[in-house]
Protein chains: 4
Amino acid sequence: MEYNEKQVQIIEAAEHLFATKGFEGASVRDIAEAAGVNIAMISYYFGSKEKLMEALFEERTSHVRLRVEALLKDNSLEPFEKVEALVDDYVERILGSQQFHKIIVCEQVINKNPVILKAVLQLKKKNMEVISKLIKDGQQKGVFRKKVDVSLMMATMFGTITQSIIGQDYYRELNGLESLSEKEFQQLLKKKLLAHIKLLFKAILIEI
Amino acid sequence: MEYNEKQVQIIEAAEHLFATKGFEGASVRDIAEAAGVNIAMISYYFGSKEKLMEALFEERTSHVRLRVEALLKDNSLEPFEKVEALVDDYVERILGSQQFHKIIVCEQVINKNPVILKAVLQLKKKNMEVISKLIKDGQQKGVFRKKVDVSLMMATMFGTITQSIIGQDYYRELNGLESLSEKEFQQLLKKKLLAHIKLLFKAILIEI
Amino acid sequence: MEYNEKQVQIIEAAEHLFATKGFEGASVRDIAEAAGVNIAMISYYFGSKEKLMEALFEERTSHVRLRVEALLKDNSLEPFEKVEALVDDYVERILGSQQFHKIIVCEQVINKNPVILKAVLQLKKKNMEVISKLIKDGQQKGVFRKKVDVSLMMATMFGTITQSIIGQDYYRELNGLESLSEKEFQQLLKKKLLAHIKLLFKAILIEI
Amino acid sequence: MEYNEKQVQIIEAAEHLFATKGFEGASVRDIAEAAGVNIAMISYYFGSKEKLMEALFEERTSHVRLRVEALLKDNSLEPFEKVEALVDDYVERILGSQQFHKIIVCEQVINKNPVILKAVLQLKKKNMEVISKLIKDGQQKGVFRKKVDVSLMMATMFGTITQSIIGQDYYRELNGLESLSEKEFQQLLKKKLLAHIKLLFKAILIEI
DNA sequence: CATGAATGAGCGTTCATTCAT
DNA sequence: TATGAATGAACGCTCATTCAT
C-alpha cells in the first residue's frame, strides 16, 4: 500500500498519539490537528479510527516479515551466530520504532482490535516457527541444549526490550547518563541490551 | 485506607475493566454497572475516575512495600538464595494479580496519571535499592560478578513475566495444554517461569 | 407507559418537528431546543432518536385500539349507522392529531422504521378485521352489497382525510374561508369531510 | 430541458432513492453511487441536491400539463365520460410513476422545497380549473348535481390512489394475490381502482 | 469538461461529573 | 448518606459542497 503525503502525516500523528495516549485516549480531532489535516480526512482516507490503526499496523509491519526468514537461509553462520543476528535484528528494529512497539504491547492487553490481534498472532507464530527451526538446527548439531522453551526465550527478549523502553528515562537518570545526547543514549542502550540479551540467550541455549 | 463493601466492589470492577478495556475504554457506567452500584457512587466515593484509579493502585500496592525489605534482613540465606526468594516473591505476586499488573504496564505507556506514575517510580526505586544492596552483598562475598546491570536484570524479570501473561493463551495452545484446568495451567506457568528466570539470573550474576 | 413533564415536552416537540421536517430532517438538537431540554436528554430518556419515534408512536396510538372494537359490539345501531359512527370516530381522531397523522403517512413511504411499520400494519389489520365484520353483518342483514372491497373503502377514507389535511391551506384559500378562525375552519372541514365520506361509503355499500 | 445520459442516470437514481429514503435520507453519495457517477457530478450538473430535486420534479411533470387540457376540448364525449377519461388518465399516470408520486406526497408534508411546493400548487390549481369547467359543463347540461365540492372530489381520487400505492403489499397479501406476477397485479390493481373511483365519482356527481 | 481531493458544519451519541433531594 | 435526574463537552463520523486541475 502506497500512501500520499497527507496520509503519511496522519499515520505518523496517529502513531505518536496512540503511543502516548492510547487508542481510546487519542481522539481523531487530536490526530487530525497533530497531522495538520481536517478531521474529516481521517474517515475519508482510512474509513474509521479503527481502520487507521489497522493501516498503521500494516504500514509498520509489512516489511518486517521477510527479514527473519532470510536469516534462516543464511548458511554462512553457526547456530548461535544466527541467534545473535536475530537478536541484533529485533533489538535494532524495535528500538528504532519504539512508539509503534508501545502501541502493540498495549494493544495486546487492551482495546484488542481483532484484526490487529490476529495479525500480531500470525507474526508471533511466524517468529516462533523460524526460531524453532533455528534452534532445532543447533540441537541437531549438538551445540544447543536438548530442552529449550522457545516461548519463554522470546518472552524474555521482547519483555526485556519492552521494559527497557518503558523505563529508559529512569534508567538514564539512575546511571547518570543525562549528559548524553538522545542519540548517544539510544546507542548505549542498544549496546547494553544486545550484550544482555545475548548473554541470556547463551545461558538458555548452551549447556555449561 | 479502609473501604466499605460497595467501595471494594467498585475497585474490583474497575480493576477488571481497566485491565480489559484500558482506562479510557472503561466508562464509569460500565464500572458502576459491573459493581452493581449507582453511577454517581464513583464520583461520590472516589471523587473522579482518575482518583478511582489511584485508589485502586494504592489498594493493590500498599501491602507490597514491606515484603521486599523483610527479605533483605533475613540472614539465614545465601546471596543467590535471596535472589531466588525474591524471584519467587515477584512471580507469585504478579501472577496472582495479573489484571492489575496489566493495568500498571499500560499505565506506564499511556494515560500516565502523574500520581500513579510517581508512585510506580517510587516502587521501582525502592525495588532497585533493595536489590542493589542484595547484589552488592553477593559481590562482596565474591559470589556475584563485579559488573551487574541491575536495571536490565529487573527489566528481564518484569518483562518476561509480563510477556508470559500477555501471551499465555498462545503459550497454552502452542504447547498443547488446553486439557489442563486454568488452575493447573497457572501452576505450570509459574513453575516454568520461576525456573526460567532463576536460570537467567544465575547467568547474569554468576561467572562461569 | 407514563411520561414525566420533560419527556412529554420532548415527545411533543418531536411530533411537531417530525411532521414538519421529517424524521431525518429533524435533528435531535432541533427537538431538544424546541422542547427546551438538553440534547443529551433525548438519548437519556428514550435511548435514541429512533426509539423516540417509537415512543411517540406508542404514545399516540396505544389508546386507540380499544375504541373501534367497542363500536362493533354496540347492538343499538343499524349496520350503516355503525359505519357512520366509525367514520365519525376516524375523522374526529385524525383531524385531532394531524401532525402525527402526517408522520405516519410519510413513515409508511420513507424511513420505514421496522418497529413502527410493523405496528402500523397490526393497526391496519385490526381495523380491517373489525370493519370486515361490520360489513359482513350488514350483508347478512341484506342492507349492504354482496361484493365490497374493504381495502379500497378504507383507502378512500384515509386517503381523502390525508389529502384534505395536506391541502387544507389551498382549500381554505380556494373557497374564500380566510376570514374564519382556525377553529371554525377545522370544524367546517370536519363537517364537509364527514358528509363527503359518508356519501361515498353509502355508494360503496348500498345498492341503488 | 434536455438531459444527457449521465444526467438522466442521476435523475433516475434520485427518483428511486428519494422515494425510498426521503429527500434527507438519501445522500448525494448514495445517489451518485446508484447512478454510477462521481459525487461531484451532482453539484456540477444540478448545482445542489435541492436543485436536483427540482430538476426531477420538472422532468416528471413538464409533459403532464398539456394532457388534461386536451381532454376538456374534446367535444365527442358526454360530461361523465369526460370525468371517466380523466380518472383513466390520472390513475394510469400515477400508477405508472409510483416512485415519483410517493416523493410528491411526502414533499407536500415535509421538506417543503418552496420551488416544488409552488409548482405543485400551480399544478393543483390547473387541475382544479379544468375539472371545475368540466363539472360546470355537466351541471349546465343538468347531468351533474348543483353542489359539488371539487376539492374533496380530487382529494378522494388522489388520496385513494396514494393509499392504494402505499398499502399495495398488504392488499396483495390480504387478497391472496401473491401468485400473480408484479405486472399482473399492477393491472388488477389499476382495474379495481378505476372501477372504485368511477363509482365514487358517480355518487359525487350524479343525483340518484 | 469532468473529477479526486478536501473541508466546515453538523449529525446522533456517550462521556464524566454535578446537584437537589 | 446515597441517588436519580440532568448536563456541557466531546466523541467518531457523514454530510453537501467546493475547487484546483
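The structure displayed is predicted, hence computed values, not measured ones. Letters go in sequence order (proteins before strands), and every chain restarts at 1.
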Taken to the nearest whole Å, NZ/C:Lys21 to P/E:dG10 is 12 Å
Determine whether more than 12 heavy atoms belonging to other residues, nucleotides or ligands lie under 6.0 Å from atom NZ of A:Lys124. yes
Only one of D:Val115, D:Val120, D:Ile103 passes side chain to side chain contact (heavy atoms under 4.5 Å, CB included) with D:Phe57, and that residue is D:Val120
Worksheet item: Any salt bridge between A:Lys21 and B:Glu24, counting N to O under 4.0 Å?
Response: no
Side chain to side chain contact (heavy atoms under 4.5 Å, CB included) with B:Ile11: of B:Arg60, B:Lys6, B:His16, only one passes, and it is B:Arg60
- request: May I ask you to say what B:Tyr45 touches in the nucleic acid, namely base, sugar-phosphate or nothing, with a heavy-atom cut-off under 4.0 Å?
  value: sugar-phosphate
| query | Looking across every strand, which nucleic acid part, if any, lies under 4.0 Å from B:Ser27 by heavy atom: base, sugar-phosphate, or nothing? | reply | sugar-phosphate
Atom NZ of A:Lys49 and atom P of F:dC11 are separated, to the nearest Å, by 9 Å
Here the distance between atom P of E:dT17 and atom CD1 of B:Ile42, to the nearest Å, is 9 Å
Here the distance between atom P of F:dC11 and atom CD of A:Glu50, to the nearest Å, is 17 Å
Within residues 4-13 of chain A, the residues having a heavy atom closer than 4.0 Å to DNA chain E are A:Lys6
Are A:Val28 and A:Leu52 side-chain neighbours, meaning at least one heavy-atom pair lies under 4.5 Å?
no
Exercise for the section: Please determine if C:Lys49 forms a cation-pi arrangement with C:Phe23, meaning its NZ or CZ atom is less than 6.0 Å from the six-membered ring centre and no more than 45° off the ring axis. Expected result: yes
For A:Phe100 and A:Leu56, the nearest pair of non-hydrogen atoms, with its separation, is CE1-O, 4.2 Å
From the list C:Thr20, C:Leu17, C:Ile39, side chain to side chain contact (heavy atoms under 4.5 Å, CB included) with C:Asp30 holds only for C:Leu17
Nearest-nucleotide check on DNA chain E, B:Gly25 vs C:Phe23; residue mapping nearer the 5' end is C:Phe23
Exercise. Ignoring hydrogens and angles, tell me if any N or O in the side chain of A:Gln7 forms a donor-acceptor pair with the backbone of A:Asn4 under 3.5 Å.
Key: yes
- Message: Can you confirm whether A:Val37 sits close enough to A:Ile31 that some side-chain heavy atom of one is under 4.5 Å from a side-chain heavy atom of the other?
- Response: no
From CG of B:Leu17 across to P of E:dC15 the rounded distance in Å is 12 Å
When rounded to whole Å, the OH to C1' distance for the pair A:Tyr44 and F:dC19 reads 13 Å
Any stem touching DNA chain F, meaning at least three consecutive Watson-Crick or G-U pairs under 3.5 Å, ordered by first number, would be E:2-21 with F:2-21
Margin query: For the backbone of B:Asn113 and the side chain of B:Glu107, can you confirm whether one donor and one acceptor N or O come within less than 3.5 Å of each other?
Written below: yes
Within residues 29-41 of chain C, those residues having any heavy atom closer than 4.0 Å to DNA chain E are C:Arg29, C:Ile39, C:Ala40
From CD of D:Glu24 across to P of F:dT17 the rounded distance in Å is 11 Å
